[in-house]
Every structure is written in structure tokens, then in C-alpha cells.
Amino acid sequence: MAEKRILITDDDKQTRDLVATFLGYKGYRVFQACDAMEALEMIEAEDIDLVVTDVMMPKVNGLEFIKRVKAVRPEIVAIVYSAYGNSVMTANLLKAGAFFYLEKPFDLEELDSIIQRGFEHFDMQSRNYRSVPSIKNRSRIKMIGESPKMLALFELIEKVADSDSTVLIQGESGTGKELVAQSIHELSTRRNKNFIPVNCGAIPDELLESELFGHMKGSFTGAVANRIGRFEMADRGTLFLDEIGDMKTSLQVKLLRVLQNRELEPVGASRSKKIDTRIIAATNQNLEKLVEEKLFREDLYYRLSVIPVIIPPLRERKEDIPLLIENFIEKFNRDNRRSVQGFDQEAMAALVAFEWPGNIRELENLVERMVILKGTGTVTLQELPDKYRGNAAKPRLETVPLPHGGICLSSAVEEFENKLILQALEKTGGNKKEAATLLNLKRTTFIEKLKKKKMFAPELAFAS
Ligand SMILES: Nc1ncnc2c1ncn2[C@@H]1O[C@H](COP(=O)(O)OP(=O)(O)OP(=O)(O)O)[C@@H](O)[C@H]1O
Ligand SMILES: [Mg+2]
């Protein structure tokens with residue numbers, strides 16, 4: 001893989017040097033700029049992949065800087081730090097396209113792991129990103145997402161909306177299948193007619209046929225009057241067949257016939273009716289596998305999947321998580337008359353790291369719960385339910401990759417030790433007794449160490 005090129009922008013030389021040295025040691029190609037103007041020139045000249053920047057800078061501040069970077073090179077990953085953060089600023093930075101906001105003082109290893117995550121999520125798509133054309137009807141798609149995968153999905157929604165072809169939406173539970181189906185309908189010329197959803201898994205088998213196609217009075221016990229089915233309700237509109245994988249095979253045959261002939265026969269009717277209904281089907285099951293197992297008809301599968309639309313799970317587009325959270329907070333504040341400002345950095349980091357098996361639905365439910373319980377202020381890591389605190393709750397002592405040319409073990413160990421000592425001093429505001437306790441050392445041993453290392457608490461703490 002090509003060497004990654006990182007640009008550090010900060011007017012404070014000491015911080016810049018420290019971060020630059022550390023990232024250089026981690027194997028990145030590092031560039032430095034003392035203000036936003038110099039940085040913008042360098043971005044053009046040096047083909048930068050990622051920027052790390054301070055917020056408080058003379059002339060052009062970090063937020064403005066990120067906006068300008070994103071305007072010219074949207075695929076650049078931006079990581080921002082500041083000692084003067086608040087949730088409004090964090091929200092603005094994330095809105096402007098920052099990948100992560102770090103509060104100062106921060107741990108350099110933490111910065112490195114955020115950088116790696118940033119690359120993971122932007123890197124593969126960065127080349128494609130530039131080629132994604134703008135989405136004309138973005139405002140009519142009521143879905144949140146700015147990751148390259150979601151932009152590609154919106155583009156596809158726009159294209160398929162423009163036709164009457166059958167669409168098969170596949171995606172894990174809670175990824176937004178129904179929302180995608182609604183968006184396709186909203187963007188199509190059928191938008192002034194009905195969008196009718198049917199959950200094929202929730203309606204008992206024996207009722208589903210009449211539910212879909214309608215029935216004639218007296219055609220079965222309980223059929224007290226003629227009734228039109230959902231296909232007809234969606235005439236000139238869109239019928240959304242959700243959980244299509246749950247439909248039993250005998251009904252699959254009938255559905256196939258309707259799709260082929262564009263006409264249907266209500267239960268008990270002697271004549272068929274023409275219909276003009278667009279079909280969108282969805283499933284969270286692997287339909288190809290069901291076809292192999294003979295649980296789903298192959299011919300119907302091909303009929304339905306004229307245009308397959310696959311929604312990526314949330315864990316594959318983690319950069320959308322802060323944006324989704326921000327929107328959900330706003331919505332649940334509004335609905336419940338609450339005024340929660342946001343999640344603090346640690347909580348946000350844990351939520352971004354989480355794998356989200358229930359996808360957006362799970363995230364939405366968690367935010368709703370936190371907004372209602374918390375009411376005001378900022379949600380902290382400790383306030384999150386246990387399962388979401390995950391790795392963030394455990395100490396992260398990452399392994400250092402052994403460079404090709406080898407390493408000097410004693411100085412590497414020493415550096416590691418120094419970092420932990422500095423952190424302990426920072427956390428305790430320079431109180432040596434408390435810092436020693438954090439490191440499980442006797443106070444005297446700790447002071448001996450500091451003397452030997454010529455370390456003095458406040459000056460060396462990376463907190464400028
Ligand atoms: N991109 C998105 N932006 C905003 N909200 C979203 C997005 N995707 C999904 N949601 C919300 O997440 C919830 C789940 O979405 P939806 O019901 O469309 O998912 P699904 O794939 O049909 O789930 P299931 O498989 O459980 O039926 C809904 O409340 C929806 O509004
Ligand atoms: Mg659904």
C-alpha cells in the first residue's frame with residue numbers, strides 16, 4: 001500500500017513537532033504547516049491524504065479550514081483537536097466534514113488509532129468518491145448519510161426511481177430497507193399515488209393471498225363483501241413487498257404470474273383485472289441461498305431482482321454515525337421536549353467503534369433512550385449501557401508494529417513508560433502522589449523515576 005501522507009496544521013510549533021515526530025515514527029509521511037493558508041497550498045502540492053489540525057489558529061480557524069479543504073478535496077480525512085471544545089463546536093466540525101474531534105490533551109496512540117480508522121473508512125472509496133456525480137434530488141431522499149457508500153446508494157435510488165422496473169432491496173435488519181423503498185417511490189412519477197407496504201412475514205399464509213389480490217364476497221368463510229387487495233390499492237403507485245423471503249412457495253407461483261401478466265385474479269373471481277403497480281420487494285435473508293435450498297422459486301427471484309439494491313450495514317460506513325446521532329438527538333429532543341446537547345467525545349468514540357448488529361434501528365433506539373433518560377446536558381461514556389462501552393472501557397495498550405529495520409527495545413520501552421507517566425501526571429493535574437497511585441507505584445519510587453528521567457510534571461505535560 002502506498003505511503004500515507006499526513007499534514008499537521010497548528011500554529012504551536014511544540015505541539016506540531018511532537019505530533020509530527022510521533023506520526024513519523026509510526027511510518028507516515030508527515031508534512032507541517034503553521035497556518036491554514038500554508039496548509040491549503042500544501043494540500044494542492046503534496047497530494048495529502050489526511051489532515052490533523054488545531055481549531056484555534058490565527059487568521060483562518062480550524063472549522064473554516066476544514067470547510068475549505070472539503071470544498072476542494074472532499075476525500076481528505078480531517079481530524080481536529082482543541083483544548084477549548086464544546087458540543088456546538090464539535091457538531092459544527094462534524095457537519096463541515098471532520099471525521100473526528102479530539103479533545104486536548106490527548107493520547108498520541110489514540111490519535112494514531114483514529115487516523116487508522118479514518119483511513120479504513122475513507123481510503124478504499126477515496127478514488128471513487130470524486131467520480132460520484134451529484135445527486136439531483138438529495139433533499140427528497142429522507143435518509144441521512146454522507147459516506148461514499150451511501151452517496152452511491154442515493155445515486156442508484158435516483159436512477160431506478162426513473163423506471164418501472166422491479167427492485168429487490170437487500171440489507172441486514174434495521175439498515176433502512178423500507179426507507180429506501182419509500183425514497184424510490186417519492187422520486188418516481190408515481191409519487192402522487194399510493195405507496196402500499198405489505199409485510200409478507202407478518203400476515204398468516206392463508207390470508208396473504210386475499211390481502212394481496214383481494215377477494216369476492218362469499219369466496220371463503222368470512223368474506224362478507226367484495227374487497228380489493230393491496231395490489232389494487234397501489235394501482236399506478238408502488239407496492240412494497242417486505243420480508244418477501246417469508247412468502248410460501250404456493251403463493252410465490254401466483255405472484256410470479258401477476259408480475260409476468262400484469263393482471264391479477266381476486267380470490268373467488270372468474271375474471272382477471274389489469275393492474276399497473278410497481279413492485280419493490282425487500283428481504284434481510286439471503287435469497288440466493290433460499291433459492292439453492294428450494295425455499296424460494298428461482299424464476300421469481302430473477303423476476304424480482306431486475307435491479308438489485310444492496311444497503312451496506314452501518315459498521316461498513318461508520319463515518320455516518322456522528323451525523324445520524326446528531327439528527328436523532330435533534331428529533332428526540334423535539335418529540336420529547338428535551339434538550340440534550342450531545343454525547344461527549346469518549347461516548348462518541350465508543351459508539352463509532354461499536355459494531356451495530358441492529359444497524360440504524362438500534363442506534364436510533366439507543367439515542368431515544370439516552371435523550372429521554374438524560375433530559376439535558378451531555379451524555380458521557382459512563383452513562384451508556386454496558387454493551388456500548390465496549391473497548392473504550394478497557395485500557396488500550398496497542399501493540400507497536402516492529403519496523404522493518406528493527407527497533408531499540410530499551411528506548412522503545414522507555415518511551416512507552418514516559419507516555420504513561422505523562423498521562424498519569426496530566427490526569428491528576430501534576431499531583432505526584434495520585435499519579436503514583438494510578439501507576440501502582442510507591443510515591444518515592446515514582447519520584448525517583450521522575451528525577452532519573454529529568455521529568456517535571458507541569459512543563460512536560462502535553463497540554464499546551
Ligand atoms: N439513512 C437513514 N437515515 C435516517 N434514518 C434511517 C436511515 N436508515 C434507517 N433509518 C431509520 O432506522 C429505522 C429502521 O429503518 P427501516 O425500517 O427502513 O429498516 P429495515 O431495513 O426495513 O429494517 P427491518 O429489517 O428491521 O425491517 C427507521 O426508524 C428508519 O427511519
Ligand atoms: Mg423493514
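Values below: every heavy atom of this structure, side chains too, minus hydrogens, waters and symmetry copies. Start at 1 and go down the list; that is how both ligands and their atoms are numbered.
- For Leu363, the closest heavy-atom approach to ligand 1 does not fall below 4.0 Å.
- With a 4.0 Å heavy-atom cut-off, ligand 1 is reached by the side chain of Phe328 but not by its N, CA, C or O.
- Tested against Lys273 for a side-chain hydrogen bond (donor to acceptor under 3.5 Å, both in side chains), the candidates Glu232, Glu263, Glu265 yield a single pass: Glu232.
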Contacts under 3.5 angstrom, residues 50-61 side chains, donor-acceptor by atom type, not counting sequence neighbours:
| residue | atom | partner | partner atom | Å |
| --- | --- | --- | --- | --- |
| Thr53 | OG1 | Thr9 | O | 3.4 |
| Asn61 | OD1 | Leu63 | N | 3.1 |
| Asn61 | OD1 | Glu64 | N | 2.9 |

Distance-only criterion, 3.5 Å: show the donor-acceptor pairs between side-chain atoms of residues 236-249 and protein atoms not counting sequence neighbours.
| residue | atom | partner | partner atom | Å |
| --- | --- | --- | --- | --- |
| Thr238 | OG1 | His185 | ND1 | 2.6 |
| Asp246 | OD1 | Gln285 | NE2 | 2.9 |

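- Those atoms of ligand 1 that come under 4.0 Å of a heavy atom in Ser173, given as number and element, are 25 (O), 26 (O).
- In this structure, of Ile141, Asn327, Thr283, Leu179, the residue bringing a heavy atom nearest to atom 6 (C) of ligand 1 is Leu179.
- Between atom 3 (N) of ligand 1 and the options Asp242, Leu323, Ile144, the minimum heavy-atom separation is to Ile144.
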Report task. Check step by step if ring pair (Phe, Tyr, Trp, His ring centres under 6.0 Å) holds for Tyr388 and Phe354. Result -> CA-CA 6 Å; Tyr388 299 102; Phe354 191 68; 4.7 Å; yes
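- The atoms of ligand 1 that sit less than 4.0 Å from any heavy atom of Asn284 are 25 (O).
- Nearest residue to atom 18 (O) of ligand 1 from Arg361, Glu243, Glu368, Glu178 is Glu178 (criterion: closest heavy atom).
- At a 3.5 angstrom cut-off on N or O pairs, Ile360 does not count as close to ligand 1.
- A cation-pi arrangement, defined by a distance under 6.0 Å to the six-membered ring centre and an angle within 45 degrees of its axis, is present between Lys4 and Phe119.
- With a heavy-atom cut-off of 4.0 Å, Lys142 does not touch ligand 1 at all.
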